[in-house]
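Worksheet: one structure, shown below.
Sequence lines set the chain letters: A, B, ... in the order given, protein chains first and strands last, and positions in each chain run from 1.
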Amino acid sequence: MEDDAAGKEAPRAPVGTHDVLWPESSRWEQLVSSFARSAGRAGYGLVVTPLIEEVRLFRRGIGEASEVVGKEMYELVDRGGRQLALRPEGTAPVARAFVQHRPAVPWKAWYATPAFRYERPQAGRYRQHHQLGVEALGSPDPDLDVEVVSLASDFCKELGLQEIDLRLNSMGCLSCRPGYVIVLAAHLHDRRDRLCGAHRDRAELNPLRVLDCKTPECRAVSLDAPALSEYLCDECREHALRVRQGLEALGIPYAMDRLLVRGFDYYTRTTFELRSRALEAAQDAVGGGGRYDGLVEAIGGPPTPAVGFGIGIERVLLACDAEGCFGVSPPVPHAFVVDLAGGGHARDLTAELRRAGLRSQRAFDGKSMRSQLRSADRSGAIAAVIVGEREAAEGTVSIRMLDGSGTQEEIRRAALVGRLRELVARASGDGSAPGA
RNA sequence: GCGGCCGUAGCUCAGGUGGUUAGAGCGUCUGGUUGUGGCCCAGAAGGUCGGGGGUUCAAGUCCCCUCGGUCGCCCCA
């Protein structure tokens, strides 16, 4: 559509993107701060990396053959001719930052960031979605895998999610996986006529992907395929065992899933996924991650073992909705100032209350008292602070409780902050005075 | 990239087989109370029925195209 035709239409958020307005946004706020606390307790520090990266970072890191890199990246050329991409995921940029700055290992970082993929949106899948994640670089210790998995699992539990399945698998390493892939490819080749249409021709290209296919045809073939676990080298076998022992020691329930093959090339050894049984939608994975011992080297850094995970904010909130947990009631104002004497009092009093640490609001545009009180009521404020002509003349304010009791008192204006703190503490029932 | 379903007020939706000024609930605003919210009552504002074309005396309603939304496939958080 041309600009002048489209110009009559109001602009809207691009396909697959969404605005998050209050009060839904306050859930986001709390989700992120809750995640920050969890990660912070475990010694992970916030890392903020650019939304744009050189395209080759993702090509080399995630893998040229992956869907995400091949078809779904938002790529752009800037005015200087640089080939850039909006990040399709969170791990590669963190690995890039590690290579660039070489912090002391183990380097443990968490992030909250949007990620972009050009795909058709559907329930739980967007072109811009948001992830919370952690990455721990510099140690091959299986206990680090356990730490990362438990962080993800405990976080879901903290939100109140009950219906989460933790699925676990090992992808082997660069020394043992290729051998398995050959065996798998042979298995699939012999049964290629039984695969689903999409994979019949592509099985040779990336045999592991077939294991992930959910069609009944592919599943049948996959289920009697040789298991990767049977082909692991001694080191990978030992690593997987120690991870399982660690999870059991921490009482974290999990299920081995030998068909769990994640979509990025960089995964080695541990891979895991958190799925919600409560989600009806096709997109039931709320988070996933694993070990990626080869990634840092692949993007030009020193050989560096690492492990991490990402959780999709939108999906985890969908899961919370489905389970009816993690409801958040946004903070209500402590006081709503009603000004019948010109508006200057509302201006001054809201500022004074806010400086004292109290949440205060007011109406604008010189509305009637009825209208201002209605707004006060709808704001959920604990009390209305009323300044009419009389209060203005006498240097007082009237405080009307909005709890339905109709109680109202008139006090000296200088006593307002102190009195409001008392009333708010009483109304909150916890004896704590805000802003004190 | 492909397929199903759906676009009527700010929101959620009614509007048999085409028929005069397109409706409701909620929300918003005003009033019933010369300075008192919620409940109630009265009233108002708000729509080129997504857009374009076609059929017809007549289209929100039927047909085509297009845009958008949504769900699914692929893939992923």
Side-chain angles (χ1 to χ4, degrees), chain A residues 1-2 5-6 8-16 18 21 62 65-73 87-91 112-133 152 196-199 202 206 209 212-215 218 261-264 273-276 279-289 309-319 336 338-341 363 365 367-392 398-408 410:
Chain A
M1 195 183 278
E2 290 304 314
K8 292 176 181 168
E9 304 282 325
R12 17 181 329 127
V15 175
H18 295 276
L21 274 50
I62 300 173
S66 70
E67 294 277 329
V68 166
V69 168
K71 291 211 70 178
E72 299 176 355
M73 275 210 291
R87 60 163 52 162
E89 53 94 52
T91 300
T113 181
F116 303 86
R117 292 177 203 166
Y118 192 87
E119 356 170 46
R120 281 297 293 273
Q122 65 191 69
R125 200 184 69 187
Y126 312 100
R127 288 189 175 173
Q128 176 178 344
H129 74 280
H130 300 80
Q131 291 190 21
L132 302 167
C196 78
H199 283 111
R202 282 176 25 198
N206 197 345
R209 289 251 55 83
D212 206 24
C213 184
K214 291 164 211 126
T215 63
C218 281
V261 176
R262 298 180 50 77
F264 303 147
E273 207 165 87
L274 296 162
R275 292 186 198 160
S276 169
L279 287 181
E280 305 279 326
Q283 321 299 329
D284 64 347
V286 301
F309 71 77
I311 283 180
I313 291 184
E314 289 87 350
R315 287 192 189 172
V316 93
L317 288 178
L318 281 176
F336 194 106
V338 172
D339 186 339
L340 305 171
D365 306 314
K367 303 275 190 185
S368 69
M369 181 177 208
R370 174 194 181 89
S371 170
Q372 290 188 55
L373 272 171
R374 221 198 298 262
S375 300
D377 187 55
R378 285 179 192 162
S379 75
I382 293 166
V385 173
I386 303 169
V387 184
E389 298 294 350
R390 196 189 65 250
E391 287 91 344
S398 292
I399 301 178
R400 180 178 177 82
M401 299 306 286
L402 295 175
D403 53 8
S405 67
T407 55
Q408 186 165 328
E410 184 169 352

Exercise: identify the closest heavy-atom pair between [X] and [Y]:
X	Y	value
L402(A)	A383(A)	CD1-C, 3.9 Å
E119(A)	Y126(A)	OE2-O, 4.2 Å
A363(A)	Q372(A)	CB-CG, 3.9 Å

Any base atoms under 4.0 Å from [X], or only sugar-phosphate, or nothing? Heavy atoms, all strands.
X	value
G406(A)	base
D403(A)	base
E89(A)	nothing
S375(A)	nothing
Q372(A)	nothing
I386(A)	base
V15(A)	sugar-phosphate
G124(A)	base
A123(A)	sugar-phosphate

Do M369(A) and I386(A) make a side-chain contact, defined as non-hydrogen atoms from C-beta onward lying under 4.5 Å apart?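 Yes, side chains in contact.
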Y118(A) versus R127(A): any side-chain heavy-atom pair under 4.5 Å?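 Side-chain contact under 4.5 Å: yes.
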Rounded distance in Å - [atom1] ([X]) to [atom2] ([N]):
X	N	atom1	atom2	result
L373(A)	U36(B)	CG	C1'	5 Å
L132(A)	A77(B)	CG	C1'	10 Å
E72(A)	A77(B)	CD	P	10 Å
Q131(A)	A77(B)	CD	P	6 Å
M369(A)	G32(B)	CE	C1'	17 Å
D284(A)	C71(B)	CG	P	15 Å
Y118(A)	C75(B)	OH	C1'	15 Å
R12(A)	G7(B)	CZ	C1'	11 Å

Spacing of the [atom1] atoms in [M] and [N] (rounded, Å):
N	M	atom1	result
G4(B)	U17(B)	C1'	27 Å
C26(B)	U20(B)	P	27 Å
U61(B)	G16(B)	P	11 Å
G37(B)	G32(B)	P	11 Å
U48(B)	A22(B)	C1'	13 Å
G47(B)	C40(B)	P	27 Å
C49(B)	G19(B)	P	16 Å
G10(B)	U56(B)	C1'	35 Å

Does [N] have OP1 or OP2 sitting under 4.0 Å from an N or O in the side chain of [X]?
X	N	answer
Q122(A)	G72(B)	yes
R390(A)	G35(B)	no
R378(A)	U28(B)	yes
S398(A)	G35(B)	no

Any donor-acceptor pair under 3.5 Å from R315(A) side chain to A285(A) backbone: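 Judged by distance alone, yes, a pair lies under 3.5 Å.
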Checking the side chain of R400(A) only, and the main-chain atoms of T407(A) only, is there a donor and an acceptor separated by less than 3.5 Å?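 No.
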Restricting to side-chain contact (heavy atoms from CB on, under 4.5 Å), what partner residues turn up for A319(A), sequence neighbours left out?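 Checked A319(A) against side-chain contact (heavy atoms from CB on, under 4.5 Å); matches are L161(A), S276(A), L279(A), V286(A).
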Along RNA chain B (nearest heavy atom to each residue), the more 5'-positioned of H18(A) and E314(A):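 Closer to the 5' end of RNA chain B: H18(A).
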For G288(A) and for V387(A), locate the closest nucleotide of RNA chain B by heavy-atom distance; then report the residue assigned to the nucleotide nearer the 5' terminus.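 Checking each residue's closest nucleotide, the 5'-ward one belongs to V387(A).
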Spacing of CZ belonging to F309(A) relative to CD belonging to E273(A), to within rounding of 0.5 Å: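 Rounded to the nearest 0.5 Å, the CZ-CD separation comes out at 13.5 Å.
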Can you say whether a donor on the side chain of [X] sits under 3.5 Å from an acceptor on the base of [N], or the other way round?
X	N	answer
R400(A)	G37(B)	yes
E273(A)	A77(B)	no
D377(A)	G38(B)	no
E391(A)	G35(B)	yes
R370(A)	G37(B)	no

Between [options], spot the one nearest the side chain of [X], thanks.
X	options	value
K367(A)	U30(B), U36(B), C75(B)	U30(B)
E119(A)	G37(B), C75(B), U36(B)	C75(B)
Q283(A)	A77(B), U28(B), C75(B)	C75(B)

Ranges pairing with ranges for RNA chain B, where each run has three or more Watson-Crick or G-U pairs under 3.5 Å: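 Counting only runs of 3 or more consecutive pairs, the stems involving RNA chain B are B:1-7 with B:67-73, B:10-13 with B:23-26, B:28-32 with B:40-44, B:50-54 with B:62-66.
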Take K367(A) and R374(A), measure what side-chain contact (heavy atoms from CB on, under 4.5 Å) needs, and give me the verdict at the end. CA-CA 10 Å; K367(A) 303 275 190 185; R374(A) 221 198 298 262; over 6 Å; no
Tell me, with the steps shown, if T113(A) and R87(A) meet side-chain contact (heavy atoms from CB on, under 4.5 Å). CA-CA 9 Å; T113(A) 181; R87(A) 60 163 52 162; 2.5 Å; yes
